[in-house]
Amino acid sequence: PRSTLFPYTTLFRSGADEFNHLNLNNQTFETVFGDFEKRQQERLDHNNKQNITKIPFGIDELDIKTNGGAETTEYVLFLADAKAGKSFLAVHLGMNAARRGIGVVHFQLEGTKKQCLDRYDAAWSGVLYHDIKKGEFPAEKYKSYQKIIQNLGKTDIHVDAPEKFLATSMIDIRRKVIDLKKDFDIKLVLIDYLELTTPDHTLRFTPSEERNRQQMISRQMKDLAVEQNVLVCSFTQASSIKKEQLDDPDWVITREHLSEDKGKVRPVDMLITLNATTAERKDHIMRLYTDGLREYSGGDTMYIKTSFKNGRFYDRLATLEAFPFESI
């Protein structure tokens, strides 16, 4: 009946009249020259409030290429084939940040907490990784290790490892980062690796929706970086690659080889791939390829030396000796 519609038609007409009198011409536009001073003040206020921090990768050539590393609020993704050293790289990034007094939280979603902590202990102590696993610290050097711990312990690395498949969601990671930041100045968040988290335990994804799941995770990682003013570094698996390609020293992994979907790199600020032929692995050589650097030119290949037996992704002295470059 007309009488029952009256309140709604009256409300609609009043809303329509109000909408017609709105002037939207100047509400969505900003002028380049006239608003410059306002924008500059906003930049200064934002930087002071956010306290953006530059965090080096601890890999000389990559740090020079990126003008000192990546910044908090950015999201860096490393892409590699299986067993290429992604977890050793995560430990390297954590140790490098801690040595510079930067707080770190490391979410180890593959393997055990013990494996992750053994890699860290090998990295900072210089003891062979396999000796660390057995608890064999040279007694004569134990005092020097304690001194190292005292120096490094001023800023620590917080390791979380659920040791269950898909046990930690991005909602859990965000909550844990927020809780840690109440007591510690966390600036670097390591998530090893992307596929082994999930957006939210309340969501269910079918196998056909796997690409949507990974895209959502990747967007949440970028959101976490911006919201919490941290640098988020994560790692992802390359899709199956032919052996002849992997063993070609002139060939590199790119975003074309991302498992499931290339769309998950849209929120990424830097995409870096890890490459090594069978012969290069035996010689402890790794090639880093800058597939995409949002604010820098990419497409470069960098050679480094590794020392996995010592728990070290980057052997600096061996690298600079084997692959010197003019910028150092």
Side-chain angles (χ1 to χ4, degrees), residues 42-58 66-78 86 89-110 113 116 120 154-162 166-203 213-236 264-272 292-295:
E42 287 174 349
R43 290 187 190 106
L44 294 174
D45 292 342
H46 176 77
N47 288 337
N48 289 335
K49 182 180 179 181
Q50 284 284 74
N51 189 24
I52 301 297
T53 302
K54 193 87 167 181
I55 302 177
F57 293 104
T66 56
N67 195 28
E71 294 181 348
T72 52
T73 74
E74 291 187 329
Y75 163 37
V76 180
L77 187 63
F78 294 91
K86 296 188 290 292
L89 171 56
V91 167
H92 168 80
L93 296 172
M95 279 299 309
N96 176 70
R99 285 193 176 106
R100 298 170 187 273
I102 295 168
V104 180
V105 56
H106 182 137
F107 294 95
Q108 186 61 44
L109 306 182
E110 181 184 42
K113 183 180 289 186
C116 181
Y120 271 113
K154 296 173 184 177
T155 303
D156 221 322
I157 301 168
H158 306 266
V159 176
D160 182 83
L166 293 181
T168 301
S169 72
M170 285 302 300
I171 302 298
D172 297 329
I173 287 174
R174 176 180 177 272
R175 175 179 53 79
K176 290 178 180 182
V177 170
I178 291 172
D179 286 345
L180 268 177
K181 289 190 71 174
K182 293 175 182 176
D183 299 311
F184 304 97
D185 186 20
I186 301 296
K187 292 294 185 183
L188 174 61
V189 177
L190 301 166
I191 304 173
D192 186 9
Y193 58 95
L194 184 148
E195 287 88 336
L196 293 182
T197 184
T198 193
D200 185 345
H201 289 308
T202 64
L203 301 177
R213 188 184 77 90
Q214 293 192 23
Q215 284 185 16
M216 191 179 296
I217 293 167
S218 196
R219 290 195 298 269
Q220 287 174 304
M221 288 187 181
K222 177 61 179 178
D223 290 343
L224 175 65
V226 173
E227 180 196 71
Q228 295 300 317
N229 187 27
V230 294
L231 169 62
V232 173
C233 292
S234 191
F235 311 82
T236 190
K264 65 185 174 186
V265 301
R266 291 192 188 103
V268 170
D269 294 289
M270 298 184 189
L271 177 64
I272 300 167
L293 305 178
R294 184 157 289 171
E295 296 192 358

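Along the sequence shown, the residues carry numbers beginning at 1. Both backbone and side-chain heavy atoms feed into the values below; hydrogens, waters and symmetry mates do not.
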Under 3.5 Å: donor-acceptor pair, side chain of Asp269, backbone of Tyr75: yes

Which residues pass the side chain to side chain donor-acceptor pair (under 3.5 Å) test with Asn96, sequence neighbours left out? Arg100

Sequence neighbours excluded, which residues qualify as ring-ring contact (aromatic ring centres under 6.0 Å, His included) partners of His158? Phe184

Do the side chain of His92 and the main chain of Gly58 share a donor and acceptor less than 3.5 angstrom apart? yes

Specify the closest pair of heavy atoms between Lys264 and Ser218, including all atoms of both residues, with the distance to one decimal. O-OG, 2.5 Å

Please identify each residue that fulfils side chain to side chain donor-acceptor pair (under 3.5 Å) with Asp160, with sequence neighbours left out. Lys176

With a 4.0 Å cut-off on N to O distance, would you call Arg174 and Glu227 a salt bridge? yes

Walk me through it: do Leu203 and Thr198 pass the test side-chain contact (heavy atoms from CB on, under 4.5 Å)? CA-CA 9 Å; Leu203 301 177; Thr198 193; over 6 Å; no

Could you grab the distance from atom CD1 of Ile102 to atom OG1 of Thr155, nearest 0.5 Å is fine? 8.5 Å

Mind checking the CE-CZ spacing from Met170 to Arg219? Nearest 0.5 Å is all I need. 12.0 Å

Shortest non-hydrogen contact from Ala167 toward His201: O-NE2, 3.1 Å

Test of understanding: with ring-ring contact (aromatic ring centres under 6.0 Å, His included), list the residues that count as partners of Phe78, not counting sequence neighbours. Phe235

Looking only at heavy atoms, the pair that brings Thr72 and Asn51 closest together is OG1-O, 4.3 Å

Between Val232 and Ile191, is any pair of side-chain heavy atoms under 4.5 Å apart? yes

Are Glu110 and Gln108 side-chain neighbours, meaning at least one heavy-atom pair lies under 4.5 Å? yes

Keeping the roles fixed (side chain from Lys86, backbone from Thr236), state whether a donor-acceptor pair exists under 3.5 Å. no

Using side chain to side chain donor-acceptor pair (under 3.5 Å) as the criterion, list what pairs up with Lys113, not counting sequence neighbours. none

Examine distances only and state if a side-chain atom of Lys187 and a backbone atom of Thr53 form a donor-acceptor pair shorter than 3.5 Å. no

Just how far is it from atom CD1 of Ile217 to atom CG of Asp200, taken to the nearest 0.5 Å? 11.0 Å

Taking all atoms of both residues into account, what is the closest heavy-atom pair of Asn229 and Ile52, and its distance? OD1-CD1, 3.6 Å

Tyr193 and Leu109: side-chain contact (heavy atoms from CB on, under 4.5 Å), yes or no, with the steps? CA-CA 6 Å; Tyr193 58 95; Leu109 306 182; over 6 Å; no

With rounding to the nearest 0.5 Å, note down the distance linking OG1 in Thr202 to CD1 in Ile171. 7.5 Å

Is the backbone of Thr197 close enough, under 3.5 Å, to the side chain of Thr168 for a donor and an acceptor to pair up by distance? no

Not counting sequence neighbours, which residues clear side chain to side chain donor-acceptor pair (under 3.5 Å) with Ser169? List them please. Asp172

Could you go step by step and tell me if Gln228 and Val189 meet the side-chain contact (heavy atoms from CB on, under 4.5 Å) rule? CA-CA 10 Å; Gln228 295 300 317; Val189 177; over 6 Å; no

Nearest heavy-atom pair of Ala90 and Asp192: which atoms, and what distance? CB-OD2, 4.4 Å

Could you pull out the closest heavy-atom pair between Leu166 and Glu195, with the gap in Å? CD2-O, 3.7 Å

After noting the C-alpha distance and the side-chain angles of Phe107 and Leu196, does the key distance pass the side-chain contact (heavy atoms from CB on, under 4.5 Å) rule? CA-CA 10 Å; Phe107 294 95; Leu196 293 182; over 6 Å; no

Here the gap from Ile173 atom CD1 to Gln220 atom CD, rounded to the nearest 0.5 Å, amounts to 9.0 Å

Spacing of Met270 atom CE and Leu77 atom CG [to the nearest 0.5 Å]: 12.5 Å

